[in-house]
J.: 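The structure is given below, and queries will be raised subsequently.
We name chains A, B, ... by the order of the sequence lines, and we start the count at 1 in each one.
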There are 2 protein chains.
Amino acid sequence: MPTPHYGQPRYRVIADALRERIENGGIPAGALLPTESALTAEFRAARGTIRQAIGILREAGWVSTEHGRGSYANPRPPEGGPAESSVVRQRQITADPDLADLFGVAVGTTLDESTSITRAEGAVRSVTRTYQLLSAAAQRGTIGGD
Amino acid sequence: MPTPHYGQPRYRVIADALRERIENGGIPAGALLPTESALTAEFRAARGTIRQAIGILREAGWVSTEHGRGSYANPRPPEGGPAESSVVRQRQITADPDLADLFGVAVGTTLDESTSITRAEGAVRSVTRTYQLLSAAAQRGTIGGD
DNA sequence: AGAAATTTGTCCGTATGTATC
DNA sequence: AGATACATACGGACAAATTTC
């Protein structure tokens with residue numbers, strides 16, 4: 001029987017398990033990850049699910065994949081690199097006079113605010129806030145609720 | 001006989017076709033894309049392949065997807081034209097609790113604030129504020145901390 | 001407010017193409 | 001050339017969010 005949980009997607013759980021294994025040395029840097037078949041057996045998941053999990057790790061820089069060979073654990077996980085930036089918060093705010101003036105809209109107009117930080121060697125180097133006018137799609141819920 | 005070509009994966013071809021449709025207005029900004037079912041019929045591809053294609057577009061910022069609703073074309077494709085950004089103001093501010101927390105410093109610490117706007121086709125597309133800690137030299141004499 | 005229909009999200013199992021060893 | 005492993009693609013099933021009735 002397949003496993004129909006939903007709270008946390010299987011591929012994310014598996015990605016997390018693998019990430020932890022890399023972090024604590026279970027999979028040494030530079031070593032090949034277990035083969036797809038091995039992971040399929042171990043996690044009782046389909047290949048597609050395993051591949052999705054590995055895709056997450058690849059995206060996040062934990063592993064590198066080579067066609068026909070396998071996926072290697074990277075020696076330098078995301079941290080300690082030159083400068084990593086990550087979004088820490090996204091929300092909607094209303095334009096203060098300052099922002100309203102810059103955008104040329106009315107004060108109180110809803111804006112998208114994205115806050116990201118850039119880290120280098122563990123320390124926060126800069127905080128960047130980017131404001132954008134809402135997309136048309138997102139505007140739906142902001143005006144004229146029925 | 002599934003799995004015909006390889007030179008260009010199906011999902012990439014489909015993603016390209018959809019992207020072009022958004023670019024030339026076939027799918028207006030803010031409008032919903034055809035449903036996954038409709039696209040499977042149109043491109044004669046499996047749903048997974050369609051989802052892969054849409055995933056590419058989402059990754060690239062062309063579309064946004066909402067569970068139970070659909071995927072709609074974004075009004076801000078990745079740089080529709082020459083986007084110029086210019087710094088409009090630079091000043092020093094004191095860290096509010098929010099910024100202080102992100103930087104890991106005390107509230108009231110002096111920060112450098114740089115505000116820049118990005119324009120495209122005359123309109124202000126985004127306002128970006130970057131905060132940075134002052135250099136150690138500049139710190140002296142700015143606040144009362146000893 | 002509740003049920004049904006729609007639509008996207010997740011997962012499975014399988015088959016086949018392509019690259020590497 | 002064969003074995004191994006990743007990449008692509010198909011089809012089906014059920015879960016969850018949204019909309020519609």
J.: By a strict heavy-atom criterion of less than 4.0 Å, which residues belonging to residues 32-46 of chain B are in contact with DNA chain D?
T.: B:Arg44, B:Ala45, B:Ala46
J.: Should B:Ile93 and B:Tyr131 count as side-chain neighbours, where that means a heavy-atom distance under 4.5 Å?
T.: yes
J.: Of all the nucleotides listed (C:dC12, D:dA9, C:dT20), which has the minimum atom distance to the side chain of A:Thr49?
T.: C:dC12
J.: Mapping B:Thr65 and A:Arg12 onto DNA chain C by nearest heavy atom, which one lands closer to the 5' end?
T.: B:Thr65
J.: Look up atom CD in A:Glu36 and atom CG in A:Leu33, then write down how far apart they are to the nearest 0.5 Å.
T.: 11.5 Å
J.: Would you tell me if any nitrogen or oxygen in the side chain of A:Tyr11 comes within less than 4.0 Å of OP1 or OP2 on C:dT10?
T.: yes
J.: Quickly work out the B:Gln8 CD to C:dG17 P distance and round it to whole Å.
T.: 18 Å
J.: Without decimals, in angstroms, what is the distance between B:His67 NE2 and D:dT18 C1'?
T.: 8 Å
J.: Given the rule that I, L, V, M, F, W and Y join up when any side-chain heavy atoms are under 4.5 Å apart, are B:Phe43 and B:Ile54 in one cluster?
T.: yes
J.: Salt bridge between B:Glu66 and B:Arg58, side-chain N to carboxylate O under 4.0 Å?
T.: no
J.: I'd like to know if B:Glu59 pairs up with B:Arg19 as an ion pair, taking the criterion as any Lys NZ or Arg NE/NH1/NH2 lying under 4.0 Å from an Asp or Glu carboxylate oxygen.
T.: no
J.: A:Glu66 or A:Ile50: which one's nearest nucleotide on DNA chain C is closer to the 5' end?
T.: A:Ile50
J.: Less than 4.0 Å between a side-chain N and a carboxylate O, is that true for A:Arg129 and B:Asp98?
T.: yes
J.: Considering every strand and a 4.0 Å limit on heavy-atom distances, what is the contact class for A:Arg47: base, sugar-phosphate, or nothing?
T.: nothing
J.: Taking salt bridge (charged side-chain N to carboxylate O under 4.0 Å, His left out) as the test, write out the residues that go with A:Arg51, two or more places apart.
T.: none
J.: Among D:dA9, C:dG9, D:dT8, find the nucleotide with the atom closest to the side chain of B:Arg10.
T.: D:dA9
J.: Counting the atoms with a prime plus P, OP1 and OP2 as sugar-phosphate, which does A:Gly70 contact under 4.0 Å by heavy atoms, base, sugar-phosphate, or nothing?
T.: sugar-phosphate
J.: Output the rounded distance in Å from OH (A:Tyr72) to P (D:dC6).
T.: 11 Å
J.: Does C:dT8 have OP1 or OP2 under 4.0 Å away from a side-chain N or O of B:Arg51?
T.: no
